[in-house]
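Down below is the structure, laid out as structure tokens.
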Amino acid sequence: AVVSTQSTGEEGAYINYLQISKTALHQTSEDVLECPSTDDMLALADACMEFLQETREHYMEAFQVYEQMVSDMNETIWSLYGVDMESFLVTLECGCPEILKLYNKLNTYFYEQQELRYGKSHMNLHKVFAPHIVCYLEQEEETLKEDLDEALERETWLAKDCSEDFSCSAVQQVVASVKNIQKLVAELRWPDRTFADHLSCRTQKTTAELFAYFVSKVYGILQSYSRIQRSVVTQTTVLPDEVCVMLNSCVTIQSHAGDLCGNATSKNTDGYSYRTDINELLTEKINAMFEFSCGQLCQCLITLLGKLARYDKHSIFSPLLMLVQPKLSIVEPLFSHVRQNNVQIKQEIHPNATQRFFLFWFNCLLSRIEEWLEDRENIDLHPFQLAAVSIVFKTLFNEFSSQGLTEEVLRNDIYRKVHNRIEYEETMNTLNIDQTYSYGYEDTSVRTEEDDC
């Protein structure tokens, strides 16, 4: 260690610091350090640390008596280093990643030295580095969104490319990216607690916004994909694997929100809980995606209801159709369609969302029946229409009940409306039994569990 024994206090520290600079950076003059590089500043920091450690060891007995002298010397040395450091930071572009390495080295050292921890030099790091750290985070946030857009453009939405947690590569990328930036902020160990909390909440907010952006983008992709596929929807169409991957990706993203978007019971410095609100937002968006996807699957039921509409009493086709005895086998393709899709849903949709999706599809099917019945609110249903709709209604209830949905869940407002209308029509039809025989139809062994009972 190079120690000035003839000078004391700040003057001695200044002389020692100049000598440290010369030795570490191979300077030939005592001028202020000009245009230093990151490596120069790291080397100078290492030299200061080594000097202070060797001085402490060499003058251990004296420093035990004069502890304040040790603290003053350390602070003075680092305050002189701080002058060069600020000059260096001015030369860097805002958000330059090189500053993180320098900050982490200095901050770790100050934390480890009890006499320097939370001292003047340590707290000065906040003042000097804060603007650069904030700028760096802003750039990272923009990069995250750009990288996500590129990942979604490359995404194939193939089940074979998904991980064990049902997530596609784009999900894995976005989750890994936000974890890295949150880890970076946590490792900063910012000496100012208020600013540290602000940075932590900022990354949580960024994560929440990125997750919401991801789900919105995937929803748009889902709608575009469905418009392309709409022309080929038939009674044998099942929920496409690509759609399952899109839905699963959004469900997986939501499952990470609890860990990466903060604690639902805690508030940030603005009194705002990001996790609570992002969960509500993601739930709303994912529910909209489920409803949209289920709407695409209802085409088979819509086709059936269109055929039944021909039997409306005011329809010009009704008298002609009654010349041929109608058959209840007309409903069989719908039941086959529902069962095939239920198998697909159970196998391909994320386990955390399977029951939720089943309920959306059940409600979507009943809603179509409810709308069809409301269009005929002032028209008595033809006996064949009533028989077909009644069988469809009862069979759908049994089918979705077999998928694990409870009666309490299934017997909702939509169910009760449809049930009451069918019950009313059946009562009216019983009172007019003679007319029923005049419009006879053939029952082709379509039965439900309720019929068997």
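Throughout, numbering of the chain's residues begins at 1 and tracks the sequence. Predicted, not measured: the structure shown is a model, and the values here were computed from it.
A donor-acceptor pair shorter than 3.5 Å can be found between the side chains of Asn287 and Arg356. Between the side chains of Gln182 and Thr203, not a single donor N or O lies within less than 3.5 Å of an accepting N or O. Residues Gln254 and Thr283 bring a donor and an acceptor atom of their side chains to less than 3.5 Å of each other. With hydrogens and angles left out, the side-chain atoms of Asp241 and Gln344 include a donor and acceptor closer than 3.5 Å. Residues Ser226 and Gln296 bring no donor and acceptor atom of their side chains to less than 3.5 Å of each other. Looking at Ser79 and Lys120, their side chains never bring a donor and an acceptor atom within 3.5 Å of each other. For the residue pair Asp40 and Ser37, a side-chain donor N or O sits within less than 3.5 Å of a side-chain acceptor on the partner. Side-chain atoms of Asn342 and Glu399 include a donor-acceptor pair closer than 3.5 Å.
When every heavy atom of Thr395 is checked against every heavy atom of Arg339, the shortest pair comes out as CG2-NH2, 4.0 Å. For Ser200 against Val185, the heavy-atom pair with the smallest separation is N-CG1, 4.1 Å. The heavy-atom pair separating Ala170 from Leu152 by the smallest distance is CB-CD2, 3.9 Å. Contact record, His350 with Asn248: N-OD1, 2.6 Å, taken as the closest heavy-atom pair. Scanning all heavy atoms of the two residues, the minimum distance from Leu125 to Met85 falls at CD2-CE, 4.3 Å. When every heavy atom of Leu305 is checked against every heavy atom of Trp372, the shortest pair comes out as O-NE1, 3.1 Å.
Taking a cutoff of 4.0 Å between a charged side-chain nitrogen and a carboxylate oxygen, Arg202 and Glu138 qualify as a salt bridge.
Proximity of the aromatic rings of Tyr111 and Tyr118 is defined here by a centroid distance below 6.0 angstrom, and this criterion is met. The distance between the ring centers of Tyr17 and Trp78 does not fall below 6.0 angstrom.
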Exercise. Evaluate the criterion salt bridge (Lys or Arg N to Asp or Glu O under 4.0 Å) for residue pair Lys417 and Glu370; output intermediate values, then yes/no.
Key: CA-CA 7 Å; Lys417 287 180 181 179; Glu370 181 191 15; 3.7 Å; yes
Practice problem: Take Lys285 and Ser216 through the side chain to side chain donor-acceptor pair (under 3.5 Å) test and state the conclusion after the steps. | Solution: CA-CA 7 Å; Lys285 289 181 177 291; Ser216 295; 2.8 Å; yes
Practice problem: Dump the intermediate steps for side chain to side chain contact (heavy atoms under 4.5 Å, CB included) on Phe397 and Arg411, then the final yes or no. | Solution: CA-CA 9 Å; Phe397 179 87; Arg411 296 182 188 275; 3.6 Å; yes
Quiz item: Where do Tyr415 and Phe393 land on the ring pair (Phe, Tyr, Trp, His ring centres under 6.0 Å) test, with the steps shown first?
Solution: CA-CA 9 Å; Tyr415 172 90; Phe393 175 68; 4.9 Å; yes
Exercise. Take His256 and Phe211 through the test ring pair (Phe, Tyr, Trp, His ring centres under 6.0 Å) and record every step on the way to the result.
Key: CA-CA 9 Å; His256 287 287; Phe211 283 3; 7.2 Å; no
Quiz item: Passes side chain to side chain donor-acceptor pair (under 3.5 Å), Asn74 versus Glu115? Steps please.
Solution: CA-CA 8 Å; Asn74 286 345; Glu115 66 274 9; 3.0 Å; yes
Quiz item: Can Tyr213 and Leu144 be said to form a side chain to side chain contact (heavy atoms under 4.5 Å, CB included), step by step?
Solution: CA-CA 11 Å; Tyr213 180 74; Leu144 287 175; over 6 Å; no
Exercise. Might you work through the ring pair (Phe, Tyr, Trp, His ring centres under 6.0 Å) test for Phe129 and Trp190, ending with a clear yes or no?
Key: CA-CA 10 Å; Phe129 279 92; Trp190 206 265; 7.5 Å; no
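In this structure, the side chains of Val338 and Trp361 come closer than 4.5 Å at one or more pairs of heavy atoms. Residues Leu42 and Lys105 meet the side-chain proximity criterion, which asks for heavy atoms closer than 4.5 Å. Side chains of Trp157 and Tyr225 form no contact here, defined as non-hydrogen atoms less than 4.5 Å apart. Val245 has its side chain out of reach of Leu158: every pair of non-hydrogen atoms, C-beta onward, lies at least 4.5 Å apart. Contact annotation: the side chain of Glu291 approaches that of Phe360 to within less than 4.5 Å [non-hydrogen atoms, C-beta and beyond].
Atom CD of Gln114 has 12 or fewer heavy atoms from other residues, nucleotides or ligands within 6.0 Å. In the displayed structure, Glu371 atom CD is contacted under 6.0 Å by more than 12 heavy atoms of other residues, nucleotides or ligands.
For the pair Ser336 (side chain) and Glu332 (backbone), a donor-acceptor distance under 3.5 Å is absent. Distance alone, capped at 3.5 Å, is enough to place a donor-acceptor pair between the Glu75 side chain and the Ser121 backbone.
The line from CZ of Arg368 to CG of Asn363 is 11.0 Å long, rounded to the nearest 0.5 Å. For the atom pair Leu396 CG and Ile369 CD1, the distance stands at 5.5 Å (nearest 0.5 Å).
Only one option out of His419, Glu423, Glu425 pairs with Arg421 in a side-chain hydrogen bond (donor to acceptor under 3.5 Å, both in side chains); it is Glu425. For the ring-ring contact (aromatic ring centres under 6.0 Å, His included) with Phe357, the lone residue among Phe292, Phe362, Phe290 that qualifies is Phe290.
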